[in-house]
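Data first, discussion second: the structure below is written as structure tokens.
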Amino acid sequence: MWTPANQLERERFDKLNRMQEMGIAAYPNRVQRTHTAVEAIRAYEAVENENHEAAAPVEVTVCGRVVRQNLKGKVWFAHIEDGTGRVQLFVRADNVSEAAYTLLKGEIDLGDFVQASGTMMRTRAGEVSVLVQDFAVLAKALSPLPVIKERVTEDNQVERFGAFSDVEERYRQRYADLAVNPDVRKVFRDRAQTVAALRRFLDGAGFLEVETPILQPIYGGAAARPFVTHHNQLHQDLYLRISFELYLKRLLVGMYDAVYEIGRDFRNEGVSFKHNPEFTQLEFYQAYTDYFGMMDVTERLVAYAAEAVTGSTTITFEGHTIDLTPPWQRITLRDAIRQRCEIDYVDYPDAESLYAAMRAADIEASPKDTWGKLVDTLLGTVVEPTLIQPTFILDYPRDISPFAKAVPGDPTHVERFEMFVGGMEMGNAFTELNDPLDQQARFEEMARLYADESDEATPLDEDYLRAMRYGMPPCGGCGIGVDRLVMLLTDRSTIREVLLYPHLREK
RNA sequence: GGGCGUGUAGCUCAAUGGCAGAGCAGUGGCCUUUUAAGCCAUUGGUUAGAGGUUCGAGUCCUCUCACGCUCACCA
């Protein structure tokens, strides 16, 4: 049985008990809403604009949460809020039953859900309000929400007093965060719009949306530690997927020309402002094209989503104005690095010499890294933070890209690009490798490279190779981090602000 | 995992090693057109947790927990 944790909850609990003694249902089953808050106001304004004289009274029943109340003698004002907005209730003691007035005067708190019936009118101060004739509780709030007051200034800005800003508590009690912080609600509406826009674009471009296994006997498609779980009846360990890649490409063997999936990936890695253990990924694959085709689709896709969410392809992120209008800048990885630190990595064709050159240039790196990993470190440290405007970085070292086709005439590089915006990696794409024998060699190469780091090795997927031996059309594929895209479009600096329930440790 | 920082009332925050406070919210009172309503009065604390130093600890020390920033890790 719940007991009040403090004085505020005790007061509310007492009110609940008093209501029960009065025979008032604190959590009734039925509501009689006829108008949302915004509909009620609009209905009145419409009549008001039409004809003052013959206007029929606008009768409404509205429902919502009490977000402000002000008892002034024998008059009670309150704002209630629903999903559409707020409307003011205006109660006069001699205009409602004694029971109703006693109820709202004595037992109603901020946070309670209520229902009010009455006639729309305009108060002396000019606010369209419900002149209440009947009043009921819909749900008593036993715990107090953080108190935030608002004032609408003369230039129509909302000024807020008070806050619920403790980051940890906001995430742990996201419901309270959403209830009192409208800008947080906006972020997740924008998130939904982003995902909807991605689907709309890809559906319109002829891609088929599919769903592939989250529980997998073999994980693959990326280099990351997986989460492991177990199926009891099958006596089988299963992995939560770290990417969709290998399952989606099998579908091109199965003669779909273009497929995509939006879903959750799980990576058993560190947590940071741009990493969460589970995150939402978009991957799309298209036959009869290559990574150049993927660049075209990607930049149009992202611009489309930006337009849908923000109304423009020019956005603001962390104080930067970012223009997502295609075409985006394209530069090879080699040139991008060479421009920024005067290391041309082709001059250092092995890990030892490249490591030495990086140390000489005062760039942190691990001496145990492979050559490809060192190149990636260069990208991450000297290039990535500078890529504010949308940029495709092209052509990556072969040994960190086991699923990409080699650049013709250059066996050390593969046709791969990553897209960067706002100093963040947002996506990764290849001209997909479709040579089954080369793919098998890559798997074996990866196994050798990661021989001493068993948990990072990409396991050899025999079934994927079998699929490829049936023949896979030439294709391009791309993965986009949806959370990071939402961060960009909503101007949030951490992934946790765009995840409803980010991962937190148990307290 | 390393470094730095934070944790005080429901919320937002104060408090030289010396009585633990304010605003909002709550409670009681006045007020029949308020809107951050106002005025008067007033309640509310395991100072994240455990231990230590001290005559005396929110404050200093040690450990633990959570969160933030940062580095590492994350091809």
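Proteins come first, then strands; the chains are lettered A, B, ... in the order of their sequence lines, and each starts at number 1.
Heavy atoms of A:Lys274 sit nowhere under 4.0 angstrom from any nucleic acid atom. No contact: A:Glu159 has no heavy atom under 4.0 Å from any strand. A:Tyr396 comes within 4.0 angstrom of no nucleic acid atom, judged by non-hydrogen atoms across all strands. Among the atoms of the strands shown, base atoms are found under 4.0 Å from some heavy atom of A:Phe161. Base contact: A:Asp94 has a heavy atom under 4.0 Å from a base atom. Using a 4.0 Å heavy-atom criterion, one finds that A:Ile148 contacts no nucleic acid atom at all. Within 4.0 Å (heavy atoms only), A:Lys74 reaches at least one base atom of the nucleic acid. Residue contacts shown for A:Glu127 include a base, since a base heavy atom lies under 4.0 Å away. Among the atoms of the strands shown, none is found under 4.0 Å from any heavy atom of A:Thr381.
For A:Val147, the listed nucleotide lying nearest its side chain is B:rC24; candidates were B:rU32, B:rU27, B:rC24. With B:rG10, B:rC67, B:rG26 as the candidates, the nucleotide lying closest to the side chain of A:Arg172 is B:rC67. With distances taken from any side-chain atom of A:Asp109 to the nucleotides B:rU35, B:rU27, B:rU33, the minimum falls on B:rU27. Which of B:rU32, B:rG26, B:rA37 sits closest to the side chain of A:Asn70 comes down to B:rA37. Set against B:rA66, B:rU33, B:rA25, the side chain of A:Lys72 has B:rU33 as its closest nucleotide. For A:Arg505, taking side-chain heavy atoms from C-beta onward, the closest of the listed nucleotides B:rA66, B:rA36, B:rC11 is B:rA66. Residue A:His79 places its side chain closer to B:rU35 than to any other of B:rC67, B:rU35, B:rA37. Distance from the side chain of A:Ala125 is smallest for B:rU35 among the nucleotides B:rU35, B:rA25, B:rU33. Distances from the side chain of A:Gln88 to the nucleotides B:rU35, B:rA36, B:rU32 place B:rU35 closest.
In the interface, the side chain of A:Gln7 is paired with the base of B:rU43 through a donor and an acceptor atom under 3.5 Å apart. A donor-acceptor contact under 3.5 Å is formed by the side chain of A:Arg68 with the base of B:rU34. Residue-to-nucleotide contacts include no donor-acceptor pair under 3.5 Å from the side chain of A:Ser165 to the base of B:rU12.
Nucleotides B:rA57 and B:rG17, compared at atom C1', are 7 Å apart to the nearest Å. Nucleotides B:rC13 and B:rC71 are separated by 31 Å at their C1' atoms, to the nearest Å. Taking atom P on both B:rU64 and B:rA25, the two are 42 Å apart, rounded to the nearest angstrom. Taking atom C1' on both B:rG58 and B:rG7, the two are 11 Å apart, rounded to the nearest angstrom. For the P atoms, the distance linking B:rC4 with B:rC61 amounts to 12 Å, nearest Å. Separation of the P atoms belonging to B:rC65 and B:rA50 is 15 Å when rounded to the nearest angstrom. Remark: the separation of the P atoms in B:rU6 and B:rC60 is 9 Å, to the nearest Å. Across B:rG21 and B:rA37, the matching C1' atoms stand 26 Å from one another, rounded to whole Å.
When each of A:Lys15, A:Lys140, A:Arg65 is checked for a salt bridge (Lys or Arg N to Asp or Glu O under 4.0 Å) with A:Asp112, only A:Lys140 meets the rule. Partner of A:Leu394 under the side chain to side chain contact (heavy atoms under 4.5 Å, CB included) criterion, chosen from A:Glu418, A:Arg416, A:Glu415, A:Met295: A:Met295.
Taking the six-membered ring for Trp and the full ring otherwise, the centers of A:Phe266 and A:His503 sit at least 6.0 Å from each other. Aromatic rings of A:Phe430 and A:Phe403 (six-membered ring for Trp) have centroids beyond the 6.0 Å cut-off, not under it. Ring centroid separation for the pair A:Phe13 and A:Trp2 comes in under the 6.0 Å cut-off.
Figure legend. B:rG10 is base-paired to B:rC24; pairs are counted as Watson-Crick or G-U wobble with both atom distances under 3.5 Å. Figure legend. B:rG38 is base-paired to B:rC30; pairs are counted as Watson-Crick or G-U wobble with both atom distances under 3.5 Å.
A donor atom on one side chain and an acceptor atom on the other are found under 3.5 Å apart for A:Lys249 and A:Tyr464.
Between A:Lys186 and A:Asp183, no side-chain nitrogen of the basic residue sits less than 4.0 Å from a carboxylate oxygen of the acidic one, so the salt-bridge criterion is not met.
At least one side-chain nitrogen or oxygen of A:Lys15 sits closer than 4.0 Å to the OP1 or OP2 atom of B:rU27. OP1 or OP2 of B:rU33 has not a single side-chain nitrogen or oxygen of A:Arg92 nearer than 4.0 Å.
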